[in-house]
Amino acid sequence: MLEEKKHFFRDQLLDWYQPEDRPLPWKNDKNTYAIWVSEIMLQQTRTDQVRPYYQRFFKYFPDLQSLAEANEDTVLHFWQGMGYYNRARNLLKAAKHIYFEFEGRYPEDYHAWIGIPGVGPYTAAAITSFSYNQPNAVLDGNVFRVLSRYFGVNTPIDSQEGKKLFQELSYQLLDKNNPGLYNQAIMDFGATVCKARNPKCEICPFQQNCTAILEDKVAFYPVKQKRTQKKKVKLYYLHLTDGKRVFIKKRSTSGIWPGLYEFPDFESRAKMIGDLQLLFPKEKIKLKKTADLRHQLTHRDIKAIIYQCHLNTTDLEKKKDWLLVETENLTNFAFHQLMKKYFRIFNH
DNA sequence: ATCCAGGATC
DNA sequence: GATCCTGGAT
């Protein structure tokens, strides 16, 4: 009975799948490089958001060599606003490894790909099935959702047991003759029909067999056990300018927004003033609050308070790791979304 | 305003 | 098990 249900699932899924129904830029790029780059971008990121980034990135870095020879600032510049910036740094590190150490030869199988920075179980399965047609089953959020609903699996997907169970199930279901096509099919199905919210059960080809539909518990799946709670954090940013130039600094490569640029930040308004007084005469320092922004990360709830301080050209000196940049040249630097949000508001 | 989806790393 | 981001749904 269960075997029958599995076979039915695979056959129906492949029957349903029409690749051209969901055209994506990277689907036409059949080479390993393009597949790898797109899969890294697609980690934790929706296709609609990736699309414009992928096109700009690919135009500028059309092959392994062009990426391997790039520097981190340039790669982050193309990545700015897309989030999870260690993906970009790992991608560059990996490109240099493959190009310079492996003489441009890509890893040959799943386990070799796992050894590449930024490539985990999902990405290794995606690359080796799409590019080499090797029989590795992808296990991403779509697959967890589709399988948990169809088979009515209520083991939490974020438990060790759940990961193992779903990995085995998805491997059994995989069409070993056409793993790339099958993997693409199940993820497209999850993204367009068996969606997390507002699933299109009324047009679903599995209506008669899906456990979740039959039990009227579609929204119950997939089952998860833990959710992270957010800590509240306050950040004080200094918008220090003479009207034509502005100070920015680069964030460290650990912690949030690694390697991205932003205004100098402080723990408190008092520390900001204290630092300013070391550099400029007290009477010239006038702070004006120009923004109060909220920004949410996975487990941080950031309240960013931005103060503007106008000083004369002659007053501005270079300090430690601060960079004095012409306002019109700000576009040369990679900023995170909180800064971009501020620029948008401020330029109005 | 709050909640949530989506993989890798150490 | 904690830490990395953003945008979209509600």
Against the side chain of A/P258, the closest entry in B/dG7, C/dC4, B/dT2 is C/dC4
In terms of the nearest nucleotide of DNA chain B, which residue is placed more toward the 5' end: A/R294 or A/A196?
A/R294
Regarding the side chain of A/R300, the nearest nucleotide among B/dC4, C/dC4, B/dA8 is C/dC4
Given B/dA5, B/dG7, C/dC5, the nucleotide with the shortest approach to the side chain of A/R46
B/dA5
Which residue, A/K232 or A/A124, contacts DNA chain B at a nucleotide closer to its 5' end, judged by nearest heavy atom?
A/K232
Classify the nucleic acid contact of A/N198 as base, sugar-phosphate or nothing, counting any heavy atom under 4.0 Å across all strands shown.
sugar-phosphate
Do the numbers put A/K176 on top of the ring of A/Y171, so that NZ or CZ is under 6.0 Å from the six-membered ring centre and no more than 45° off the axis?
yes
Any idea which of B/dC4, C/dC4, B/dG6 is nearest the A/R145 side chain?
B/dG6
For the side chain of A/P121, starting at C-beta, report the closest nucleotide among B/dT2, C/dC5, B/dA8.
B/dA8
Rounded to the nearest Å, what distance is computed from the CD atom of residue A/Q337 to the P atom of nucleotide C/dC4?
18 Å
Touch check for A/Y122, heavy atoms < 4.0 angstrom, all strands: base, sugar-phosphate only, or nothing?
sugar-phosphate
Rounded to whole Å, please give me the gap between CG in A/D158 and C1' in C/dG1.
11 Å
Distance, rounded to the nearest Å, where A/F335 contributes CZ and C/dC5 contributes P
16 Å
Gap between atoms CD and C1', on A/Q43 and C/dC4 respectively (whole Å)
12 Å
Axial cation check for A/Y307 ring with A/R269, 6.0 Å and 45° limits
yes
Among C/dT10, B/dG6, B/dA8, which is the nearest nucleotide to the side chain of A/Q44?
B/dG6
Looking only at side-chain atoms of A/D140, point me to the closest of C/dG7, C/dT3, B/dG7.
B/dG7
Test item: side-chain donor near acceptor, A/N142 and A/D140, under 3.5 Å:
yes
note: A/N86, atom CG; B/dG6, atom P; distance rounded to Å ~ 22 Å
Please check if the distance between the ring centroids of A/Y261 and A/F333 is under 6.0 Å.
yes
To the nearest Å, how far apart are A/L91 CG and B/dT9 P?
12 Å
Is the centre of the A/F9 ring less than 6.0 Å from the centre of the A/Y150 ring?
yes
Within the 4.0 Å heavy-atom criterion, would you say A/R87 contacts the bases, only the backbone, or no part of the nucleic acid?
nothing
Spacing between A/I157 atom CD1 and B/dC4 atom P, to the nearest angstrom:
13 Å
For the aromatic rings, using the six-membered ring if either is Trp, is the centroid distance between A/Y53 and A/F57 under 6.0 Å?
no
Quick check: on DNA chain C, is the nucleotide nearest A/S254 upstream (toward 5') of the one nearest A/D48, or the reverse? Name the residue that is more 5'.
A/S254
Among C/dC4, C/dC5, B/dT9, the nucleotide that comes nearest once only the side chain of A/H299 is considered:
C/dC4
OP1 or OP2 of B/dA8 less than 4.0 angstrom from a side-chain nitrogen or oxygen of A/T123, does that happen here?
yes
Just to confirm, is there a sub-4.0 Å distance from OP1 or OP2 of B/dT2 to any side-chain nitrogen or oxygen of A/K230?
no
Does A/R197 make a side-chain N or O approach to OP1 or OP2 of B/dC3 shorter than 4.0 Å?
no
May I ask you to say what A/I256 touches in the nucleic acid, namely base, sugar-phosphate or nothing, with a heavy-atom cut-off under 4.0 Å?
sugar-phosphate
What is the distance, rounded to the nearest whole Å, between atom NZ of A/K231 and atom C1' of B/dT2?
20 Å
